[in-house]
Amino acid sequence: MMSKPIVAIVGRPNVGKSTLFNRIGKKRVSIVEDMPGVTRDRIYMDAEWLGHEFTMIDTGGIELETNDTMLNAIRHQAKLAIDEADVILFIVDGKTGMTNSDEEVANILRNTRKPVLLAVNKVDTIKDNHDIYEFYNLGLGDPIPVSAANILNLGDLLDAVVEQLPKEGEAAEESDEIKVAVIGRPNVGKSSLVNALIGEERVIVSDVAGTTRDAIDTHFVTDGTKFVLIDTAGMRRKSKIEMPVERYSVIRSLRAVDRADVVLMVIDAVEGVTEQDKKIAGYAHEAGKASVIVVNKWDLLEKDSKTSLRFTENIRSELGFMQYSPVLFTSALTKQRVGRLTELIKFVAEQHNMRVSTSILNQIISDATAINPPPAAHGKRLKIYFTTQPDVKPPTFILFVNEPEAMHFSYLRFLENKLRESFGFEGTPLKLVVRGKK
Ligand code: GDP
Ligand code: GDP
């Protein structure tokens with residue numbers, strides 16, 4: 001499966017980017033990135049139009065250092081969009097008209113080969129349509145008039161966006177490889193782990209079809225199992241000069257997660273779990289990916305008999321939603337336990353892909369409800385008639401019940417725990433869906 005294409009929204013403050021964003025998007029992921037000079041709160045949102053899915057980034061939200069200028073910030077946005085997006089959506093303001101910074105951005109955007117769409121926002125009624133003509137001067141093709149506030153013409157805009165999205169991978173490669181994303185903050189040791197993992201293996205590097213960015217996957221085989229490490233560009237070569245700043249690391253990680261079956265969530269043993277780790281891990285969990293938590297640089301800690309226990313407890317409380325993930329303490333430097341990684345990846349991938357028999361499944365659920373009877377709502381007691389597992393990756397269960405509203409979150413949690421006690425499902429999230437059946 002291909003990862004979702006990226007649409008970056010660029011434009012001055014106040015042109016209506018967030019309004020537009022909120023009209024089009026479905027699910028919001030906000031990630032704070034710190035880099036020297038700027039803090040940005042980048043917002044990612046999944047969107048869909050006529051069956052085409054894509055992820056939007058709001059490249060705005062950049063907080064300036066006092067000595068920086070708006071123009072600099074906007075140049076920065078435009079460059080970011082050019083580097084990361086498949087389609088760039090440049091928004092200008094039809095009410096204020098064309099400004100110098102619009103021209104500045106257009107100058108930058110004209111020099112990319114990526115598709116750029118120009119939307120003139122705040123064209124609130126048909127009679128404001130003449131507001132768009134001056135924007136032809138930006139040399140970015142036909143301006144598309146929209147009103148984010150009044151939801152006018154957004155369909156035409158989305159048609160134009162969808163038309164420019166990269167085509168779905170011709171003959172999507174469905175393979176028997178286990179797809180692995182190695183994620184985590186800069187300097188936790190991702191590259192070192194990748195190099196240690198593939199050190200002795202025969203490695204093939206491939207470009208990813210259909211993406212305009214430089215995603216490079218690394219394929220290798222260990223003990224007869226095929227693995228592919230997703231987007232290892234900048235990991236396999238050591239020169240940090242080629243990737244001067246890790247400013248794209250977050251979006252790279254999210255895209256790699258989208259394409260993966262298994263996520264290796266790498267944490268620095270010295271620094272522990274950070275906010276950013278939590279967000280990326282949360283994204284992987286929500287996306288239904290299997291995961292292994294890798295605590296790297298284990299060689300750097302003074303250890304006693306309780307160190308790993310205490311560390312595990314800390315991870316369990318910081319990454320509470322990932323109770324199911326195995327934790328491995330590694331050192332990419334000394335190679336301690338690196339050899340265990342492929343085994344564990346293979347193990348959680350199998351759990352992620354596990355199907356259980358319907359009869360045993362229903363037996364487990366009925367035993368569980370006998371021990372701990374379901375809750376009641378509006379005077380009606382919940383009854384679970386039948387449970388089935390229609391899907392894997394992640395294992396997904398549908399519970400047919402009399403009254404879906406009577407299902408409590410805590411009861412679902414109880415049932416999930418029972419499924420885990422019976423079947424394991426280590427390293428994988430489970431999806432439990434409740435359906436009414438009359
Ligand atoms: P951003 O800074 O580019 O994200 O802009 P916002 O989405 O925060 O919008 C800036 C202002 O423009 C807000 O007061 C919005 O209500 C207003 N605005 C956004 N879209 C429209 C529109 O289509 N028409 C009009 N008249 N105002 C709009
Ligand atoms: P990345 O940015 O996550 O890819 O991290 P790198 O693999 O580039 O590692 C960052 C630094 O940590 C480098 O100086 C590595 O040599 C060092 N490093 C990586 N793994 C380990 C480890 O297990 N132990 C120690 N002591 N240092 C490590």
Side-chain angles (χ1 to χ4, degrees), residues 9-25 41-43 45 56-63 70 73-74 77 89-96 99 101-102 105 119-125 128 131-132 144-154 157 181-197 229 231-250 252-253 256 264-271 274 276-277 280 294-301 328-338 341:
I9 300 187
V10 178
R12 287 184 294 115
N14 274 318
V15 297
K17 293 185 299 301
S18 14
T19 309
L20 185 81
F21 207 68
N22 288 318
R23 293 278 188 254
I24 299 176
D41 190 358
R42 264 163 55 184
I43 310 221
M45 235 198 282
M56 293 190 300
I57 330 172
D58 185 352
T59 59
I62 296 173
E63 260 170 48
M70 211 262 287
I74 225 155
Q77 272 186 46
L89 184 51
F90 179 28
I91 316 275
V92 294
D93 185 330
K95 288 251 184 291
T96 55
T99 67
S101 60
D102 291 342
V105 174
V120 184
N121 190 35
K122 309 196 189 176
V123 181
D124 293 338
T125 63
D128 294 337
D131 289 346
I132 72 172
I144 305 170
V146 295
S147 169
N150 296 351
I151 320 191
L152 273 181
N153 231 11
L154 296 186
L157 179 63
V182 182
I183 62 176
R185 286 179 309 109
N187 276 320
V188 295
K190 296 182 297 299
S191 317
S192 310
L193 279 169
V194 162
N195 285 308
L197 258 175
L229 296 171
D231 193 5
T232 44
M235 285 194 193
R236 301 202 44 245
R237 18 187 157 81
K238 275 285 41 161
S239 95
K240 293 279 174 185
I241 297 146
E242 294 207 38
M243 306 222 92
V245 207
E246 282 276 356
R247 58 185 164 186
Y248 308 133
S249 59
V250 172
R252 288 198 95 106
S253 292
L264 292 188
M265 181 70 219
V266 185
I267 288 166
D268 187 314
V270 180
E271 304 197 2
T274 68
Q276 183 143 316
D277 291 336
I280 297 178
V294 181
V295 181
N296 190 44
K297 306 198 188 176
W298 196 238
D299 57 290
L300 292 181
L301 290 198
L328 188 68
F329 300 94
T330 62
S331 167
L333 193 72
T334 68
K335 303 253 164 71
Q336 188 188 17
R337 288 191 209 93
V338 170
L341 266 174

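Worth knowing before you read on, the calculation uses all heavy atoms, side chains too, and leaves out hydrogens, waters and symmetry mates. Atoms within each ligand, like the ligands themselves, are counted from 1 in listed order. Worth saying up front: this structure is predicted, and the values here are computed from it rather than measured.
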>> To the nearest 0.5 Å, what is the distance between CG on D277 and CE on M265?
In response: 4.0 Å

> Within the structure, does N150 bring an N/O atom to less than 3.5 angstrom of an N/O atom in ligand 1?
Replying inline: no

> Is F90 close to D102 at the side-chain level, that is, under 4.5 Å between some pair of heavy atoms?
Replying inline: yes

>> For I132 versus P145, what's the shortest heavy-atom pair and its separation?
In response: CG2-CB, 3.7 Å

> What distance do L157 atom CG and R23 atom CZ have between them, rounded to the nearest 0.5 Å?
Replying inline: 13.5 Å

> Heavy atoms, side chains only, cut-off 4.5 Å: are L89 and M56 in contact?
Replying inline: no

> What residue and atom, counting heavy atoms only, is the protein's closest point to atom 7 (O) of ligand 1, and at what distance?
Replying inline: T19 OG1, 2.5 Å

>> Quick test: of every protein heavy atom, which one is nearest to atom 27 (N) of ligand 1, and how far off is it to 0.1 Å?
In response: K122 CD, 3.6 Å

>> Testing the basics here: between N153 and V146, what is the closest heavy-atom pair and its distance to 0.1 Å?
In response: O-CG1, 3.8 Å

> Are the side chains of L333 and K297 in touch, meaning some heavy atoms are under 4.5 Å apart?
Replying inline: no

> Among L20, I9, I91, which one satisfies side chain to side chain contact (heavy atoms under 4.5 Å, CB included) with V15?
Replying inline: I91

> For ligand 2, which atoms have a heavy atom of L333 less than 4.0 angstrom away?
Replying inline: 22 (C), 23 (O), 24 (N), 25 (C), 26 (N)

>> Regarding S192 and N195, do their side chains bring together a donor and an acceptor under 3.5 Å, going by distance alone?
In response: no

> Counting only non-hydrogen atoms of the protein, does one fall under 4.0 Å from atom 14 (O) of ligand 1?
Replying inline: no

>> Within the 4.0 Å heavy-atom shell around R12, which atoms of ligand 1 are there?
In response: 3 (O)

>> Evaluate V188 for polar contact with ligand 2, using N/O atom pairs at a separation under 3.5 Å.
In response: yes

> Hey, which of I24, I57, N22 is the one that makes side chain to side chain contact (heavy atoms under 4.5 Å, CB included) with M45?
Replying inline: N22

> Is there a protein heavy atom at a distance of less than 4.0 Å from atom 3 (O) of ligand 1?
Replying inline: yes

> Numbering the atoms of ligand 1 from 1, which are under 4.0 Å from a heavy atom of G16?
Replying inline: 1 (P), 3 (O), 5 (O), 6 (P), 7 (O), 9 (O), 19 (C)

> Does T125 offer a backbone N or O that forms a donor-acceptor pair with the side chain of N150 under 3.5 Å?
Replying inline: no

> Under 4.0 Å from any heavy atom of L300, which atoms of ligand 2 are there?
Replying inline: 26 (N)

> Is the shortest heavy-atom distance from the side chain of V182 to the side chain of V266 under 4.5 Å?
Replying inline: yes

> Is the shortest heavy-atom distance from the side chain of L193 to the side chain of L341 under 4.5 Å?
Replying inline: yes

> Would you say N296 and ligand 2 have an N/O pair spaced under 3.5 Å apart?
Replying inline: yes

>> I need the atoms of ligand 2 closer than 4.0 Å to a non-hydrogen atom of P186, numbered in the order shown.
In response: 2 (O)

>> Is there a polar contact, in the sense of an N or O pair closer than 3.5 Å, between W298 and ligand 2?
In response: no

> Would D124 and K95 pass as an ion pair if we require N to O under 4.0 Å?
Replying inline: yes

>> Going by side chain to side chain contact (heavy atoms under 4.5 Å, CB included), L264 matches just one of V294, T330, L328. Which one?
In response: V294

> Among protein heavy atoms, which lies nearest atom 20 (N) of ligand 1, and at what distance?
Replying inline: N121 ND2, 3.1 Å

>> Using a 4.0 Å cutoff against the non-hydrogen atoms of K190, which atoms of ligand 2 qualify?
In response: 1 (P), 2 (O), 3 (O), 4 (O), 5 (O), 7 (O)

> Side chain or backbone of N187 under 4.0 Å from ligand 2, or both, or neither, by non-hydrogen atoms?
Replying inline: both

> With a cut-off of 4.0 Å, which atoms of ligand 2 are near a heavy atom of S191?
Replying inline: 1 (P), 4 (O), 7 (O), 8 (O)

> Which ligand 1 atoms are under 4.0 Å away from a heavy-atom of A148?
Replying inline: 20 (N), 23 (O)

>> Please list, in number order, the atoms of ligand 2 under 4.0 Å from a heavy atom of R185.
In response: 3 (O)

> What atoms of ligand 1 come closer than 4.0 angstrom to any heavy atom of P13?
Replying inline: 2 (O)

> Which one of S331, A269, A332, G189 has a non-hydrogen atom at the shortest distance from atom 5 (O) of ligand 2?
Replying inline: G189

> Out of A196, G184, S192, who gets a non-hydrogen atom closest to atom 19 (C) of ligand 2?
Replying inline: S192

> Is there a nitrogen or oxygen of K95 sitting under 3.5 Å from a nitrogen or oxygen of ligand 1?
Replying inline: no

> In the protein, what heavy atom is nearest to atom 22 (C) of ligand 1, and what distance, to one decimal place, separates them?
Replying inline: A149 CB, 3.3 Å

> When you measure from atom 8 (O) of ligand 1 to every protein heavy atom, which one gives the shortest distance, and what is it?
Replying inline: S18 OG, 3.4 Å

> For atom 26 (N) of ligand 1, what's the nearest protein heavy atom and its distance?
Replying inline: D124 OD2, 2.7 Å

